Protein chains: 2
Amino acid sequence: MSGLDETHDPSRTSWVGSANGHPHFPVQNLPLGIFSAQGTGRRVGAAIGDFILDLLTVGSLLDEDWLDDLSHPVLNAWLARGPQDQRALRRRLSDLLSDEQHRDDVEAALLGQSEATMHLPCIVGDYTDFYVGIHHATNVGRQFRPDQPLLPNYKHVPIGYHGRASSVRASGEPVIRPNGQRKPPEAEEPVFGASRRLDYELELGLWIGRGNRLGEPIPIDQADEAIAGYCLLNDWSARDLQAWEYQPLGPFLAKNFLTSVSPWVVTAEALRPFRKAQPPRPAGDPQPLPYLQGGSAEPALDLTIEALISTEQMRARGLPPHRLSHGNASAAMYWTAAQIVAHHTVNGCNLQPGDLIGTGTLSTDSNDGLGSLLEISRGGKQPVTLPTGETRSFLEDGDELTLTARAERKGFVTIGFGECTGEVVGLA
Amino acid sequence: MSGLDETHDPSRTSWVGSANGHPHFPVQNLPLGIFSAQGTGRRVGAAIGDFILDLLTVGSLLDEDWLDDLSHPVLNAWLARGPQDQRALRRRLSDLLSDEQHRDDVEAALLGQSEATMHLPCIVGDYTDFYVGIHHATNVGRQFRPDQPLLPNYKHVPIGYHGRASSVRASGEPVIRPNGQRKPPEAEEPVFGASRRLDYELELGLWIGRGNRLGEPIPIDQADEAIAGYCLLNDWSARDLQAWEYQPLGPFLAKNFLTSVSPWVVTAEALRPFRKAQPPRPAGDPQPLPYLQGGSAEPALDLTIEALISTEQMRARGLPPHRLSHGNASAAMYWTAAQIVAHHTVNGCNLQPGDLIGTGTLSTDSNDGLGSLLEISRGGKQPVTLPTGETRSFLEDGDELTLTARAERKGFVTIGFGECTGEVVGLA
């Protein structure tokens, strides 16, 4: 495991008490985000325990050269600077939050997370969603195309498509149940109305850092450097709209009413201890084409990802959220993040700082690792039963769906992604 | 034909001599665009004859309230103001360019188009491409799915998908032949290399003006007001990449290496005299669902669109470009621009000022009205012969492809869209 430094040292603690042992934000994490609080506009912050460190307020303790790009109300300009500056800022923040030397000044720049509102970390120029979860692709393919669940291109091409950037929102945005056309199987003609098969999709998001110029692909051995950080991503989906509209050009209104992301950019640097080799391809699978081979020997991430549901009834009865699924992200991913970036740009397509790329739904091959209700309920045929006795084939109004992720490895401090959550709201 | 005013008066002429009888830019057009010239940054201009009127330079002659939004290097803020201000600016420019009253001041703000570089008129937040050309959909569908050229949803759903915003460029951008995976029909495995089936697509583009908030659809009777203007759009396509990658999520690398648009925003107001009723649906076709019915009685546009090719050999021999196709846009469109906007937002998806929407390839039902080489050459089986004796199934390096459009109607002055052009460049 190369490139580890004192910021990853598991013995390092912070003088911010809540950080030590924090499930998401110990001093080994230090994700970046955009927050606002009463009386402030949007500002760049780093999460530490239950607090946010306001970076501009401690600007005099940072490299002067960084301040212009850290003074925007979004992270695009900062992430565009590339990995060297990301690493340097991380080191500096880690020192400031563990050493006592500047404690008074730094403590004055802390704000409780409960007092802040988190925003989308970047202006998303483009949002692309991939489909690298092979078990998801197989499970869904079986429902849409029983005769051929996995298409012949799947093991050669990291399949992806363009999503809608304007409707990407930070965690917490209400999920307004979309209207649209659906065609019930028994009907001759489509009908119009609110979706009856509203679903979530458990995904990781990649935030692009430096990007590339039009016409200049990012080779796979440079692809990791283009990824500034990661988040959770919920690709809310209206399955009934999707089934009717998606041929031949792919999903459109079934997806573009909302995409939610967790607000903290967990940096590639913070995730370095959790990198590992990509699981080998099953025997008999084709080798990737040369442009998709090579790069880091540890391109995968050891991440546990979870989806939880909380219904109105559960909340009224004081019950905790119910876990719908949990699994390891890498076990779900047939293609790595680096392969995604190399493929996306191989034709010359330009990625820009702050672009968002979703992995696609990450389901494992286990029944408790399915990343959508479409899979869990077998297309609605086997509803899941919740602790209240309620059942769910798809999401109902008032349901709150939460995604979470953590990176854990023996000998290192566990770090988390925070949450990506949204509550379904019926049409007025 | 409602809403015509003195700006549409065919007897109105400009004191800019080249405007009178100009094939694109008489005083009845006045499209807006972003230009730069030696020593200037990007600025808002209006085309008049062979010239560009620099709007900020005549700022003292315009409504003071407009100047902030006209001083950006892109049109997004100006288009966001909605149709009333578009109309008022048009009236003012028309008066300034036809009356002699302020001629000296206005003349000093003119710049030759040959001295300027045109840029993308807006920052494109999102680019969506539709598929409303029913003859194109049928022709292409026949090649990809001979058994079912037009899918069952086509006459119910205005099919669309998200494109790549970062690679939208103004006319003139070189078309770098993209690399990618393709699977020759006889091969067991895909191969990697430069596309051998590079194509153009003749489309119209819609520039969004005011837009809508997330969760608040634009009803069809307000949809026309959301469209600030129109342009030509070439959705460059690598057919061999597309055939291999497009299942199940739609085209991706086959399209996102470049999309070109003509640089002038021809305003909805300028096109008002050329509006007409939508041709009736063929007998037996289903009625649109209610959210796609209503709105303007004249939702279609009387536009003649053309595609022309010029090869290196043709240019070396001094031959003019060869017309590959020409036809009427409305005759090609199964769904109107207003239906496109109503459908795109019906699920709550938000359009933003400066968003770009393509119609999809506009082929007529005639052999001389096919909007792509894929259709003209019948998938490569029947190459077209050019005046030099050269043949083309798809585009070759050095080919220059130009789209153009004009609106003409008896009793009115013809206006044009200018050109959307690009030359194919081989990989280095």
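Sequence lines set the chain letters: A, B, ... in the order given, protein chains first and strands last, and positions in each chain run from 1. If you're wondering where the values come from, they're calculated on a predicted model, not measured in any experiment.
Counted by atom type alone, E245(B) and Y161(A) present zero donor-acceptor pairs between their side chains at under 3.5 Å.
With respect to chain B, the highest number of heavy-atom pairs below 4.5 Å among K183(A), H344(A), E189(A) belongs to H344(A). No other option in G163(A), P152(A), S167(A) has as many heavy-atom pairs under 4.5 Å with chain B as G163(A). Of the listed residues (V157(A), N153(A), D126(A)), the one with the most heavy-atom contacts under 4.5 Å to chain B is D126(A). The residue among G141(A), G348(A), G215(A), P190(A) with the most heavy atom pairs within less than 4.5 Å of chain B is P190(A). Considering only heavy-atom pairs separated by less than 4.5 Å from chain B, the leading option among H162(A), R145(A), Q352(A) is H162(A). When each of V346(B), V124(B), N350(B) is checked for heavy-atom pairs under 4.5 Å with chain A, N350(B) comes out on top. Note: G160(B) leads G211(B), S195(B), G180(B), G160(B) in heavy-atom pairs under 4.5 Å with chain A. With chain A as partner, the option from L258(B), L241(B), N256(B) having the largest number of non-hydrogen pairs under 4.5 angstrom is N256(B). Comparing I176(A), L214(A), D355(A) by heavy-atom pairs within less than 4.5 Å of chain B, the highest count is held by L214(A).
Heavy-atom contacts from other residues, nucleotides or ligands closer than 6.0 Å to CZ of R281(A) number more than 12.
The minimum heavy-atom distance linking L292(B) with Q181(A) is given by the pair CD1-NE2, 4.0 Å. Residues P248(B) and Y131(A) approach most closely at CG-CE2, 4.1 Å, considering heavy atoms. In terms of heavy atoms, A165(B) sits closest to G125(A) at CB-O, 4.2 Å.
If you measure heavy-atom distances from R177(B) to chain A, you find no contacts under 4.5 Å at all. Only the side chain of T128(A) comes within less than 4.5 Å of a heavy atom of chain B; its backbone N, CA, C and O stay farther away. Interface residue L253(B): backbone and side-chain heavy atoms are both found under 4.5 Å from chain A. With a 4.5 Å cut-off on non-hydrogen atoms, Y291(A) touches chain B through its side chain but not through its backbone. Heavy atoms closer than 4.5 Å to chain B are found nowhere in I123(A), neither backbone nor side chain. Both the backbone and the side chain of L249(A) come within less than 4.5 Å of a heavy atom in chain B. Contact annotation for L150(A): neither backbone nor side-chain heavy atoms come within less than 4.5 Å of a heavy atom of chain B.
Judged purely by atom type and a 3.5 angstrom limit, S166(B) has no side-chain atom pairing as donor or acceptor with the backbone of L351(A). Side chain of N179(B) to main chain of N347(A): no donor-acceptor pair is present (N/O by atom type, distance under 3.5 Å, no hydrogens or angles).
Expressed to the nearest 0.5 Å, how far OH of Y246(B) lies from CG of L151(A) amounts to 9.5 Å.
For F130(B) and F252(A), the ring centers are positioned less than 6.0 Å apart.
Below 30°, between 30° and 60°, or above 60°: for H156(B) and W244(A) the angle between ring planes is between 30° and 60°, a tilted geometry.
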